[in-house]
Each structure stands twice: as C-alpha cells, then as structure tokens.
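Notes follow once the structure below has been shown.
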Amino acid sequence: QVRLVESGGGSVQSGGSLRLTCAVSGYLDSRFSMGWFRQVPGMRREGLAAIDYHGTTTYADFAKGRFIISRDNSKTVLSLQMNSLKPEDTATYYCVADYTGDRWLQMHELDNPTGYWGQGTQVTVSS
C-alpha cells in the first residue's frame with residue numbers, strides 16, 4: 001500500500017519561499033508519475049507540476065518560473081520549491097502519485113481523480 005505524507009507548509013509573507021516535501025512509503029514502480037496540486041475550498045483543484053519516473057517534468061503555465069518540482073534518487077521524497085510566493089498561492093497543497101498518462105495534470109484536476117493522494121499541507125501567504 002502506498003502512503004503519501006506532505007510537510008513543509010506554513011505561513012509566509014508575500015515574496016517569500018517555502019519548500020514542500022512528500023514522503024512516500026510503499027513502492028511506486030516505473031509506471032507512476034508524481035505531482036503537486038492545490039485547492040482552495042469552493043474552488044477548482046489546480047495542478048502545479050508533475051514528474052515521471054525518469055525525471056521528466058511538466059508544469060502548469062502559471063507555475064513555470066516560480067515553482068520547481070524534484071524527486072530524490074531513491075524516489076521516496078518528492079519536493080516542491082516555491083519562490084516569490086503571492087497571496088493567491090494560499091491553498092492546501094497535495095502530493096499525488098498515479099499511473100503516467102496523457103494530460104496527467106489536467107486529468108487529476110477533475111472530480112473523483114484516481115491515484116494515491118496525501119492529506120495535504122496548508123500554505124498561507126500574507127500580503
């Protein structure tokens with residue numbers, strides 16, 4: 001059984017940085033990609049970035065240049081470096097693992113997405 005646990009959230013002022021991490025327990029083979037999503041209550045879930053088993057990354061347009069996704073060599077820790085944070089980045093951030101596929105970020109923005117999801121970590125950016 002795969003379990004994902006996020007950490008690193010917190011409160012930061014506008015312009016600051018945070019680094020989120022996701023600890024992976026259980027085995028994810030080469031068929032899996034991982035990614036970060038965020039959601040504000042009542043709003044649509046947004047996909048930020050994804051990385052496949054081989055390290056190929058994909059970013060949502062709004063995340064390019066400020067957010068960096070990475071994975072350690074053991075593939076047990078997924079990270080998201082967030083820079084130049086803005087108040088509109090305030091949300092709960094989730095780590096996800098699921099089989100690699102086309103439009104992976106977009107597919108996991110839909111209702112009732114598949115895959116393994118963490119419990120989320122709150123990020124609050126104040127102006």
**Prompt:** In chain order, what residues pass the side chain to side chain contact (heavy atoms under 4.5 Å, CB included) check against Q122, with sequence neighbours excluded?
**Reply:** T90, T92, T124
**Message:** For S14, give me all partners under side chain to side chain contact (heavy atoms under 4.5 Å, CB included), at least two apart in sequence or on another chain.
**Reply:** P87, V125
May I have the list of side-chain donor-acceptor pairs in residues 20-35 shorter than 3.5 Å, sequence neighbours left out?
| from | atom 1 | to | atom 2 | distance (Å) |
| --- | --- | --- | --- | --- |
| T21 | OG1 | S7 | OG | 2.8 |
| S25 | OG | R3 | O | 3.4 |
| D29 | OD1 | R31 | N | 2.9 |
| D29 | OD1 | R31 | NE | 3.1 |
| D29 | OD2 | R31 | NE | 3.0 |
| D29 | OD2 | R31 | NH2 | 2.7 |
| S33 | OG | T100 | OG1 | 2.6 |

**Item:** For M107, the rest of its hydrophobic cluster, which grows through side-chain links under 4.5 angstrom
**Value:** L110
**Request:** Would you mind listing the cluster partners of V77? Hydrophobic ones only (ILVMFWY), side-chain contacts under 4.5 Å, chaining allowed.
**Result:** none
**Fill in**
For residues 66-90, the ring-ring contact (aromatic ring centres under 6.0 Å, His included) pairs (sequence neighbours left out) are none
Quick check on the hydrophobic clustering: are [X] and [Y] connected, directly or via other members, by side-chain heavy-atom contacts under 4.5 Å?
X   : Y    : answer
L4  : W117 : no
M82 : F62  : yes
I51 : W104 : no

Mark yes or no for whether [X], through its side chain, and [Y], through its backbone, hold a donor-acceptor pair below 3.5 Å.
X   : Y    : answer
R38 : L48  : no
E6  : T121 : no
R66 : S84  : yes

Partners passing side-chain hydrogen bond (donor to acceptor under 3.5 Å, both in side chains) against [X] (at least two apart in sequence or in another chain):
X    : answer
S17  : N83
S74  : D72, T76
Y94  : none
T114 : D98

Check [X] against [Y] and note the closest heavy-atom contact, atom names and distance.
X   : Y    : value
R44 : Q39  : C-NE2, 4.2 Å
R45 : H108 : NE-O, 2.9 Å
F37 : L105 : CE2-O, 3.4 Å

**Asked** Which pairs count as side chain to side chain donor-acceptor pair (under 3.5 Å) when at least one residue sits in residues 49-61, sequence neighbours excluded?
**Response** D61-K64
**Request:** Please list, chain by chain and in numerical order, all residues satisfying salt bridge (Lys or Arg N to Asp or Glu O under 4.0 Å) with R71, sequence neighbours excluded.
**Result:** none
**Prompt:** Just how far is it from atom CG of L78 to atom CD1 of I69, taken to the nearest 0.5 Å?
**Reply:** 4.5 Å
**Item:** Q106 atom CD, neighbour heavy-atom count above 12 within 6.0 Å
**Value:** yes
**Asked** Given the rule in the side chain to side chain contact (heavy atoms under 4.5 Å, CB included) test, do R19 and S79 qualify, once you have shown the distances and angles that lead to the verdict?
**Response** CA-CA 7 Å; R19 186 177 182 86; S79 298; 3.6 Å; yes
